[in-house]
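Fair warning: this is a prediction, and the values are worked out from it, not measured in the lab.
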Amino acid sequence: MGNYLKLRDNTELYLKRDLPENTTAIIVINHGFAEHLNRYDYVTKILNKANLGVYRYDLRGHGRTKSKKGYIEDFMDFVKDADEVVNLAKTENPDLPIFMLGHSMGGFITLCYGIDKPNKLKGQIFSGAAIRRLPVVNGIKGNIVKLLGRIIPNLSIKNNLSKDLCSVKEVVDEYINDPLILKEAKLKFYSEFLIRGTDWIEKNIEKYEYPCLITHGEKDKIVPKEVSIYLYSKISSEDKEIKIYDNLYHEILNENEKDKVLSDIINWIYERVWKAC
């Protein structure tokens, strides 16, 4: 059962903690655009089996979090929200190392967090991170979205991601029929995330220094694998690793090979936990 965390601006963030008996480290999960925390039930189960505790939450504008659906005023609100979850996890687990895992737009949030809050975590993991302007908003299109985001911020735009999410049909069908998935988002949301946010990353990416594992599906049609290659090449981290998984689509944590991906993530985390001991 989840509960609500009241944030600095009185937004009520829907949150779940899953802590095994002998928790060795904590992972804060930032889910992707249009998602909610329940889509990480399996990920959480496998992490818990490896004695890794999980804090996950419905992002602002998503799921059961009490805020305007499909809307965000400023992309940095995502970073501030994530920081309140990290602070909660630190308060409740003062002796444990804390890591962050972000998928897609959650990877965007994770990178922004890593640039803005350089000394709070032991490391970060990226899955298909949407940290650059995507093909849908390249060039002049992006400038139009930015302009319209100011003029008609509440214009709703449909979410058309479903068909390219995953090669597993059941995952796509569940996504389409899931009542908690955002069916549309406001133009202001897209402008903050895909334009202002990615522009900010481009200006600041070289400040990023966290240990990190960057993972991506080779056949990702939503966020091209080149985005993760760019991420790997531009950050200043001394401890960085990239894994691109052959034949996998965007949601590598939902593909048939998800156990291999999760095993790689768990091994990477434990290597950093042991280094810290």
For [X], which residues count as a salt bridge (charged side-chain N to carboxylate O under 4.0 Å, His left out) partner, sequence neighbours excluded?
{"X": "E251", "value": "R39"}
{"X": "E257", "value": "none"}
{"X": "K243", "value": "E241"}
{"X": "E255", "value": "none"}

Nearest-0.5 Å distance, [atom1] of residue [X] to [atom2] of residue [Y]:
{"X": "D220", "Y": "S104", "atom1": "CG", "atom2": "OG", "value": "7.5 Å"}
{"X": "K234", "Y": "K240", "atom1": "NZ", "atom2": "NZ", "value": "10.5 Å"}
{"X": "I214", "Y": "Q124", "atom1": "CD1", "atom2": "CD", "value": "10.0 Å"}
{"X": "S127", "Y": "I29", "atom1": "OG", "atom2": "CD1", "value": "10.5 Å"}
{"X": "D41", "Y": "I46", "atom1": "CG", "atom2": "CD1", "value": "11.5 Å"}
{"X": "M105", "Y": "L59", "atom1": "CE", "atom2": "CG", "value": "5.0 Å"}

Original post:
Please walk me through it: do K120 and N87 pass side chain to side chain contact (heavy atoms under 4.5 Å, CB included)?
Top reply: CA-CA 9 Å; K120 297 192 77 166; N87 289 340; 2.7 Å; yes
Subject >> R132 NZ/CZ over Y230 ring centroid, <6.0 Å and within 45° of normal >> reply: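 R132 over Y230 ring: yes.
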Under 4.5 Å between any side-chain heavy atoms of [X] and [Y], yes or no?
{"X": "M100", "Y": "V86", "result": "yes"}
{"X": "D9", "Y": "D77", "result": "no"}
{"X": "Y208", "Y": "I201", "result": "no"}

Original post:
Under the salt bridge (charged side-chain N to carboxylate O under 4.0 Å, His left out) rule, what pairs show up with a residue in residues 85-101, not counting sequence neighbours?
Top reply: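 Applying salt bridge (charged side-chain N to carboxylate O under 4.0 Å, His left out) to every pair that reaches into residues 85-101, excluding sequence neighbours, yields R17-E92.
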**OP:** Scan for salt bridge (charged side-chain N to carboxylate O under 4.0 Å, His left out) pairs involving residues 18-29, sequence neighbours excluded, and state none if there are none.
**Re:**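 Sorted result for residues 18-29: D18-R56.
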**OP:** For residues F33 and Y190, establish whether the separation of their ring centroids is below 6.0 Å.
**Re:**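 Yes - the distance between ring centres of F33 and Y190 falls below the 6.0 Å cut-off.
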Between the side chains of [Y] and [X], is the shortest nitrogen-to-carboxylate-oxygen separation below 4.0 Å, so that they form an ion pair?
{"X": "K80", "Y": "E84", "answer": "no"}
{"X": "D264", "Y": "K260", "answer": "yes"}
{"X": "D239", "Y": "R272", "answer": "yes"}

Original post:
In terms of the angle between their ring planes, are F75 and W200 parallel, tilted or perpendicular, with boundaries placed at 30° and 60°?
Top reply: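 Judged by the thresholds at 30° and 60°, the geometry between F75 and W200 is tilted.
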ILVMFWY network linking [X] to [Y], side-chain heavy atoms under 4.5 angstrom:
{"X": "I125", "Y": "I266", "value": "yes"}
{"X": "V172", "Y": "I222", "value": "no"}
{"X": "I27", "Y": "Y42", "value": "yes"}
{"X": "Y245", "Y": "V168", "value": "no"}

Original post:
What pairs with K169 under side chain to side chain donor-acceptor pair (under 3.5 Å), at least two apart in sequence or on another chain?
Top reply: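 D173.
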Subject >> side chain to side chain donor-acceptor pair (under 3.5 Å) involving Y270 - partner list, sequence neighbours excluded >> reply: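 Testing Y270 for side chain to side chain donor-acceptor pair (under 3.5 Å), a comparison that skips the adjacent residues, returns T24.
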Subject >> Contacts of L96 that satisfy side chain to side chain contact (heavy atoms under 4.5 Å, CB included) - sequence neighbours left out >> reply: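 Partners of L96 under the side chain to side chain contact (heavy atoms under 4.5 Å, CB included) test: T23, I26, N93.
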**OP:** Run through the side-chain heavy atoms of Ile, Leu, Val, Met, Phe, Trp and Tyr, join any pair under 4.5 Å, and report what else lands in Y14's cluster.
**Re:**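 Members besides Y14, by chain and number: Y4, L37.
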Original post:
With a cutoff of under 4.5 Å between side-chain heavy atoms, which Ile, Leu, Val, Met, Phe, Trp and Tyr residues group with Y249?
Top reply: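 Noted: Y249 shares its cluster with no other residue.
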Extract all donor-acceptor atom pairs below 3.5 Å that involve side chains of residues 106-119 and protein atoms in other chains or at least two apart in sequence.
from : atom 1 : to   : atom 2 : distance (Å)
T110 : OG1    : N30  : ND2    : 3.0
T110 : OG1    : G106 : O      : 2.7
Y113 : OH     : D83  : OD1    : 2.7

